[in-house]
Number of protein chains: 2
Amino acid sequence: MGTKERRQREFEDREKVFLDCARDLIRDEGLLNLQMSRIAEKSEYAVGTLYKHFASKEDLLLALAAVDTEKHVSMFQRATQWKASPRDRMVAIAVADMIFVRRNPDFFRLGQYVFTEVVWKAASPERRQAMLAASDPIADVVVGIVNDAVAAGELELRDMSAEEICTGLWALSAGTHNLVHAEGVLEDFNVRDPYRLMCRHTQVMLNGYGWHPLVDVSDGAALDALIKRICNEVFDDLCSE
Amino acid sequence: MGTKERRQREFEDREKVFLDCARDLIRDEGLLNLQMSRIAEKSEYAVGTLYKHFASKEDLLLALAAVDTEKHVSMFQRATQWKASPRDRMVAIAVADMIFVRRNPDFFRLGQYVFTEVVWKAASPERRQAMLAASDPIADVVVGIVNDAVAAGELELRDMSAEEICTGLWALSAGTHNLVHAEGVLEDFNVRDPYRLMCRHTQVMLNGYGWHPLVDVSDGAALDALIKRICNEVFDDLCSE
DNA sequence: TATGTGCCGTGAATCTTATTCACGAATTGT
DNA sequence: ACAATTCGTGAATAAGATTCACGGCACATA
């Protein structure tokens, strides 16, 4: 009797339904106005059922962020598998980030919110664990590229570890997301395309680490060409503009 | 009759009392458990009085963050006024950030929270404006250092603007704060002293921009010496450890 | 088919907190 | 001294997250 299994499957499917409804509501009405009762209403289940799946509202938000993170990770994995030099693959990571954020405009806001002390601590330990597990592969992927560069003789670590180099690049990316979403900052700075700028800053850092082949960071045309090449060769299906 | 003025002063003093109580409560019980009624209780005023000062709880949090930001800015200003090369002064900005965050461990969490869509939009427009005004000088200060370097012939902008360079350094700093507070990431990476690492990454980026005099970023001793010198010469009173 | 058992969805009731506002005390003006 | 005004008060209200006693449904057994 596969009844138990069917029930199990139905339960899992329902979780997806709830998350999809929540995502739609956030898109349409904003994170600010998200209400548990509205998610229940939209998904045509009772509030109590919703709470069978998520320990709290914060728990649901964390689950939602974890789903996004999985998509994010899969883009990074495509970047690593690209047949190109380690340095170009590292830039491809930045480009992946750029494309992902453009295609998922709510991702950063949600991520920013769930990593907040208030929300993080209000979620269940299991969800927190799942969130961390979902983002784990990011580190592996990026550290892998650094190690490839070292193996290829294109980068000398000297007294830094591969992880420390990754921390710098990761901070650059995380910080760029911050600034993009911080009211007014980039407008004041007259920055038109912050993610292109992030790619350029990535090149600046890679040069700073002495990561060969060095590039001329002031050559905007070369940067645009590389970004375009990455879009075509790695993220063909995702770059429509 | 200076009565009006006295009233006015009392009102302003009370605002400070509320903010101090809120800060203490956050320190002792966490942002998660902050309640308006507890702030009122602790400050020995009625809840209604609290609401005479702050349009909402979020409004109060933003006011609190603005106070911190002013302290933050004043440290940056000390860094700029230091008699040293533009490059060293730029590193001093990073060191200021490091010292400030260590002395105000709740600052980042609060800042992260208030810049969240949910909180930001729930605060009054006046507070938002005040918050932006408080952080405004940061940009001026940092752009000023870049311009000094250009004027001294130590940095060529080529096709980048001073603001764009600042964006990179700012992102690095903001991102480092993120990673420090993101559960588990730096532990996994075995990063012991993330802010020292941030200073090093700052040097990496400055080298990447071709900002003279170039430094050997793998020379940890030189980095520590510079940090120590900045602590002694610029932030003497704040570096006790 | 009739009946017993346990699982699971339900949503009205509860609880927690932010927020309001009618009141009265205190102060000012005449 | 009295009216007018300002300002603090905290009980009442409102909004929304969370709970849990109930009942229906599927399966097991006779």
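Each chain gets a letter, A, B and so on, in the order the sequences are listed, and its residues count up from 1.
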Task: A/L60 CG - D/dG16 C1' separation (whole Å) - done: 15 Å
- [ ] For the pair B/R9 and B/D13, find out whether any cationic side-chain nitrogen is under 4.0 Å from an anionic carboxylate oxygen.
- [x] no
- [ ] Side chain of B/K52 only, please: which of D/dT9, C/dT20, D/dA17 is the nearest?
- [x] D/dT9
TODO: Take atom CD of A/Q8 and atom C1' of C/dC8, then tell me their distance rounded to the nearest Å.
DONE: 13 Å
TODO: Using a cut-off of strictly less than 4.0 Å, decide whether A/S37 has a side-chain nitrogen or oxygen near OP1 or OP2 of D/dG16.
DONE: no
Task: Length of the CG-P vector between A/L61 and D/dT18, whole Å - done: 10 Å
Task: Any A/Q203 side-chain heavy atom under 4.5 Å of A/C199 side chain - done: no
Open item on the list: In whole Å, I'd like the distance from the CG atom of B/L31 to the P atom of C/dA18.
Closed with: 12 Å
Open item on the list: From CZ of B/R9 over to P of D/dC7, roughly how many Å is that when rounded to an integer?
Closed with: 15 Å
- [ ] Using only side-chain N and O atoms of B/R14, determine if any of them is under 4.0 Å from OP1 or OP2 of D/dG8.
- [x] yes
- [ ] Find the distance A/L32:CG to D/dA17:P and express it as a whole number of Å.
- [x] 11 Å
TODO: Using whole Å, report how far CZ of B/F54 lies from P of C/dA18.
DONE: 14 Å
Open item on the list: Classify B/I39 by what it touches in the nucleic acid, base, sugar-phosphate, or nothing, heavy-atom distance under 4.0 Å.
Closed with: nothing
Task: Salt bridge present between B/D236 and B/R78 (N-O < 4.0 angstrom) - done: no
Open item on the list: Going by ring-ring contact (aromatic ring centres under 6.0 Å, His included), B/H181 matches just one of B/F107, B/Y113, B/F108. Which one?
Closed with: B/F108
Open item on the list: Side chain of B/Y51 only, heavy atoms from C-beta on: which candidate in D/dT9, C/dT20, D/dT18 is closest?
Closed with: C/dT20
- [ ] Nearest whole angstrom, please: distance from the P of D/dT19 to the CG of A/L50.
- [x] 12 Å
Open item on the list: Check for me whether A/R14 meets the cation-pi criterion with A/Y45, that is, NZ or CZ under 6.0 Å from the six-membered ring centre and within 45 degrees of the ring axis.
Closed with: yes
- [ ] From the options C/dT17, D/dG16, D/dG10, select the nucleotide whose nearest atom is closest to the side chain of B/V47.
- [x] D/dG10
Open item on the list: Using the side-chain heavy atoms of A/K57, tell me which of these nucleotides is nearest: C/dT19, C/dT10, D/dA17.
Closed with: D/dA17
